[in-house]
Enquirer: 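Starting off with a structure, shown below.
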Amino acid sequence: MAVVVALAFVFLVMVPAPSLVRALSSNYYDHTCPHLESIVVSAVKKAMSNDKTVPAALLRMHFHDCFIRGCDASVLLNSKGKNKAEKDGPPNISLHGFYVIDEAKKALETSCPGVVSCADILALAARDAVFLSGGPTWDVPKGRKDGRISLATETRQLPAPTFNISQLQQNFAQRGLTIEDLVALSGGHTLGFSHCSSFQNRIHKFNATVDVDPTMQPSFAAKLRSVCPAHNKAKNAGSPLDSSNLVFDNAYYKLLLQGKSIFSSDQALLTTPKTKALVSKFASSQEAFEKAFVTSMIKMSSLSGGQDIRLDCRVVR
């Protein structure tokens, strides 16, 4: 999602893993802010008309928000003084598209001031990003609150593109997410772009014996090596995450089965019978993928988070 949909994680967690919220409702704002959804989708459409990478950016932003302290919009907060916020943590340096949430929030503060949380705006924007890229839509349960704490050090909790299957499973399980959720949400990699640094480990000095990950299709690996040489100095060099990276489809799974995945964490999905079977299922049926993705997105976006509603998504007052 130019952006990496790399979800990233380390297991020494300093905060409790977020839990699932039970109080969310799809009609939460029906009376207090009836035009909420049209205002958010309008902001997303406007941004997409100027920047084709916006959908991937918004989807990735929502993932990265929910995996730290729950879906509380803490990823939007600016650093202040010596306190570095999540957005300035290493895995989040390439996040962009924050202005889309700002524009939606500004319009909502005119239409229904002090009512809609930044966390709900981000959840809606991620849904709209998927739908406007040709993917499914769904009713987003609403009623999230915004968080007041955002720490760059906690971005170590994000699942890394170098993770193996046991690390991925542990990471997701700590958030109440299953193996099915892991494989379905990894399909978010159908949108976006990755910089070389996130997959350099697979195409140069893979291990003491071979230079390139032997699970990669040779011509595909050669193409990546030409774009990302061993001592790459091109800041924006990288690769699309799949062959149709502006369209939400199941090409990601098809390419994975062909040895054309970008991240080690993608390839990891083929290393257990259960996850490989799910990859095959989603590769053969876009309908099955979309159904599973929607279920898992609703589940992930219901991870509990904040305490109040910020009037400015970037600042705690």
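Given the structure is predicted, the values throughout are model-derived calculations rather than measurements. When reading the values below, keep in mind they use all heavy atoms of this one structure, side chains included, and skip hydrogens, waters and symmetry mates.
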Enquirer: Could you tell me whether the side chain of N245 and the main chain of P240 form a donor-acceptor pair under 3.5 Å?
Expert: no
Enquirer: Given the rule in the side-chain contact (heavy atoms from CB on, under 4.5 Å) test, do V183 and V279 qualify, once you have shown the distances and angles that lead to the verdict?
Expert: CA-CA 7 Å; V183 180; V279 169; 4.0 Å; yes
Enquirer: Considering all heavy atoms of both residues, which atom of G97 and which atom of L58 are nearest to each other, and what is their separation?
Expert: O-CD2, 4.0 Å
Enquirer: Test S133 against every option in D128, L191, L246, V247 by the side chain to side chain contact (heavy atoms under 4.5 Å, CB included) rule and name the one that passes.
Expert: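 In the set D128, L191, L246, V247, the residue that makes a side chain to side chain contact (heavy atoms under 4.5 Å, CB included) with S133 is L191.
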Enquirer: Tell me if the aromatic rings of F67 and F172 count as close, with their centers under 6.0 Å from one another.
Expert: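 Yes, close enough.
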Enquirer: Counting distance only, does the side-chain N/O of D146 pair as donor-acceptor with the main-chain N or O of A119 below 3.5 Å?
Expert: yes
Enquirer: After noting the C-alpha distance and the side-chain angles of S74 and E86, does the key distance pass the side chain to side chain donor-acceptor pair (under 3.5 Å) rule?
Expert: CA-CA 7 Å; S74 55; E86 288 171 34; 2.6 Å; yes
Enquirer: Heavy-atom count check: over 12 atoms from other residues, nucleotides or ligands less than 6.0 Å from D139 CG?
Expert: no
Enquirer: I would like to know whether E109 and R310 meet salt bridge (charged side-chain N to carboxylate O under 4.0 Å, His left out); could you show each step before the answer?
Expert: CA-CA 11 Å; E109 286 304 307; R310 298 201 298 267; over 6 Å; no
Enquirer: Run K274 and E180 through salt bridge (charged side-chain N to carboxylate O under 4.0 Å, His left out) and show every step you take.
Expert: CA-CA 9 Å; K274 186 168 185 178; E180 289 82 359; 3.2 Å; yes
Enquirer: If I take atom CG from residue L124 and atom CD1 from residue I39, how far apart are they, to the nearest 0.5 angstrom?
Expert: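 One gets 11.0 Å once the value is rounded to the nearest 0.5 Å.
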Enquirer: Which residue is it: T215, T162, N201? I am looking for the one with a side-chain hydrogen bond (donor to acceptor under 3.5 Å, both in side chains) to S264.
Expert: N201
Enquirer: Strictly distance-based, threshold 3.5 Å: is any side-chain N or O of Q200 a donor or acceptor partner for the main-chain N or O of P229?
Expert: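 Yes, because the side chain of Q200 sits within donor-acceptor range (under 3.5 Å) of the backbone of P229.
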Enquirer: Hydrophobic clustering (ILVMFWY, side-chain heavy atoms < 4.5 Å, transitive) - are I121 and Y99 grouped together?
Expert: yes
Enquirer: Between L224 and R202, is any pair of side-chain heavy atoms under 4.5 Å apart?
Expert: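 Not in contact.
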Enquirer: Starting from the C-alpha separation in whole Å, work towards a yes-or-no answer on side-chain contact (heavy atoms from CB on, under 4.5 Å) for F248 and F131.
Expert: CA-CA 8 Å; F248 193 93; F131 179 64; over 6 Å; no
Enquirer: Measuring from atom NZ of K87 to atom CG of L95, what distance do you get when rounded to the nearest 0.5 angstrom?
Expert: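 So the NZ of K87 and the CG of L95 are separated by 9.0 Å.
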Enquirer: Please lay out, stage by stage, how D266 and H189 fare under the test side chain to side chain donor-acceptor pair (under 3.5 Å).
Expert: CA-CA 9 Å; D266 295 326; H189 289 184; 2.9 Å; yes
Enquirer: So for atom CZ, which belongs to F98, do other residues, nucleotides or ligands contribute more than 12 heavy atoms lying within a distance under 6.0 Å?
Expert: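 Result for CZ/F98: enclosed.
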Enquirer: Evaluate V130 against T137 for side-chain contact (heavy atoms from CB on, under 4.5 Å), listing each step before the verdict.
Expert: CA-CA 7 Å; V130 169; T137 190; over 6 Å; no
Enquirer: Keeping T190 on the side-chain end and G187 on the backbone end, is there a donor-acceptor pair under 3.5 Å?
Expert: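 Such a contact is absent between T190 side chain and G187 backbone.
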Enquirer: Return yes if some donor-acceptor pair links the side-chain N/O of K105 with the main-chain N/O of V116 below 3.5 Å, else return no.
Expert: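 Yes: the side chain of K105 pairs with the backbone of V116.
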Enquirer: For the atom pair CZ (F263) and OG (S186), what is the distance rounded to the nearest 0.5 Å?
Expert: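 Nearest 0.5 Å value for the CZ-OG distance: 10.5 Å.
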Enquirer: Nearest 0.5 angstrom please: N171 CG to S166 OG, how far?
Expert: 11.0 Å
Enquirer: When you check the side-chain N and O atoms of S239 and H195, is any donor under 3.5 Å from an acceptor?
Expert: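 Short answer, no.
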Enquirer: Do L257 and F293 share a hydrophobic cluster (ILVMFWY, side-chain heavy atoms under 4.5 Å, transitive)?
Expert: yes
Enquirer: Using a 6.0 Å cut-off, check whether atom CD of E287 has over 12 heavy atoms from anything other than its own residue.
Expert: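 12 or below, so no.
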Enquirer: Inspect the contact between K142 and E37 and indicate whether a charged nitrogen and a carboxylate oxygen are less than 4.0 angstrom apart.
Expert: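 The answer is yes: the pair qualifies as a salt bridge.
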Enquirer: Are D211 and K205 close enough, and set up right, to give a salt bridge (charged side-chain N to carboxylate O under 4.0 Å, His left out), and what steps lead you there?
Expert: CA-CA 4 Å; D211 206 27; K205 298 181 180 177; over 6 Å; no
Enquirer: Please report the interatomic distance CG(L182) to OG1(T275), rounded to the nearest 0.5 Å.
Expert: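 Rounded to the nearest 0.5 Å, the CG-OG1 separation comes out at 7.5 Å.
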Enquirer: Nearest 0.5 Å please: distance from the CG atom of D65 over to the SG atom of C118.
Expert: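 Spacing of CG (D65) from SG (C118) equals 10.0 Å.
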Enquirer: For S301, is there any backbone N or O sitting under 3.5 Å from a side-chain donor or acceptor partner on R144?
Expert: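 Checking the backbone N and O of S301 against the side chain of R144, a donor-acceptor pair under 3.5 Å is found.
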Enquirer: Ignoring hydrogens and geometry, is there a side-chain-to-backbone donor-acceptor pair from S111 to A107 under 3.5 Å?
Expert: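 Checking the backbone N and O of A107 against the side chain of S111, no donor-acceptor pair under 3.5 Å is found.
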Enquirer: May I ask you to test the K260-M216 pair for a side-chain heavy-atom distance under 4.5 Å?
Expert: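 Counting from C-beta outward, K260 and M216 never come under 4.5 Å.
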Enquirer: Just to verify, what does N207 make a side chain to side chain donor-acceptor pair (under 3.5 Å) with, not counting sequence neighbours?
Expert: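 In terms of side chain to side chain donor-acceptor pair (under 3.5 Å), with neighbours along the sequence ignored, N207 is linked to no residue.
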Enquirer: Could you walk me through whether S219 and Q217 pass side chain to side chain donor-acceptor pair (under 3.5 Å), step by step?
Expert: CA-CA 6 Å; S219 61; Q217 202 264 354; 2.6 Å; yes
Enquirer: Would you say N27's side chain and D30's backbone share a donor-acceptor pair under 3.5 angstrom?
Expert: no
Enquirer: Checking L132 against M48 for the side-chain contact (heavy atoms from CB on, under 4.5 Å) test, could you report, in this order, the C-alpha distance in whole Å, the side-chain angles of both residues, the deciding distance, and whether it holds?
Expert: CA-CA 9 Å; L132 294 171; M48 283 179 66; 3.6 Å; yes
Enquirer: Tell me if a side-chain donor or acceptor on N250 pairs with a main-chain N or O of Y253 at a distance below 3.5 Å.
Expert: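 Side chain of N250 to backbone of Y253, a donor-acceptor pair under 3.5 Å: no, none is there.
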Enquirer: Output, in order, the C-alpha distance, side-chain angles, deciding distance and verdict of side chain to side chain donor-acceptor pair (under 3.5 Å) for Y29 and D120.
Expert: CA-CA 10 Å; Y29 296 107; D120 277 340; 2.5 Å; yes
Enquirer: With clusters defined by side-chain heavy atoms of hydrophobic residues (ILVMFWY) lying less than 4.5 Å apart, directly or transitively, does I101 cluster with I309?
Expert: no
Enquirer: Are the side chains of E154 and R69 in contact, using a 4.5 Å heavy-atom criterion?
Expert: yes
Enquirer: Go through K145 and D72 one step at a time and tell me if the salt bridge (charged side-chain N to carboxylate O under 4.0 Å, His left out) criterion holds.
Expert: CA-CA 6 Å; K145 296 292 187 278; D72 65 348; over 6 Å; no
Enquirer: Group every Ile, Leu, Val, Met, Phe, Trp and Tyr by side-chain heavy-atom contacts under 4.5 Å, then state whether V115 and V40 land in the same group.
Expert: yes
Enquirer: Salt bridge between R175 and D181, side-chain N to carboxylate O under 4.0 Å?
Expert: no
Enquirer: Is any side-chain heavy atom of H64 closer than 4.5 Å to one of M61?
Expert: no
Enquirer: Please check this pair: side chain of Y252 against backbone of S261, looking for a donor-acceptor N/O pair closer than 3.5 Å.
Expert: no
Enquirer: Please check if I149 and L122 belong to a single hydrophobic cluster, counting links between Ile, Leu, Val, Met, Phe, Trp and Tyr side chain heavy atoms closer than 4.5 Å.
Expert: no
Enquirer: With heavy-atom distances below 4.5 Å as the criterion, would you say the side chains of L108 and L36 are in contact?
Expert: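 Answer yes - side chains close enough.
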Enquirer: How about L77 and V316: do any of their side-chain heavy atoms sit closer than 4.5 Å?
Expert: yes
Enquirer: Students often mix this up, so state it plainly: with edges at 30° and 60°, are the rings of F282 and F289 parallel, tilted or perpendicular?
Expert: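 Aromatic pair F282/F289 classed tilted.
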Enquirer: Check whether any side-chain heavy atom of L255 sits under 4.5 Å from a side-chain heavy atom of S243, and report yes or no.
Expert: yes
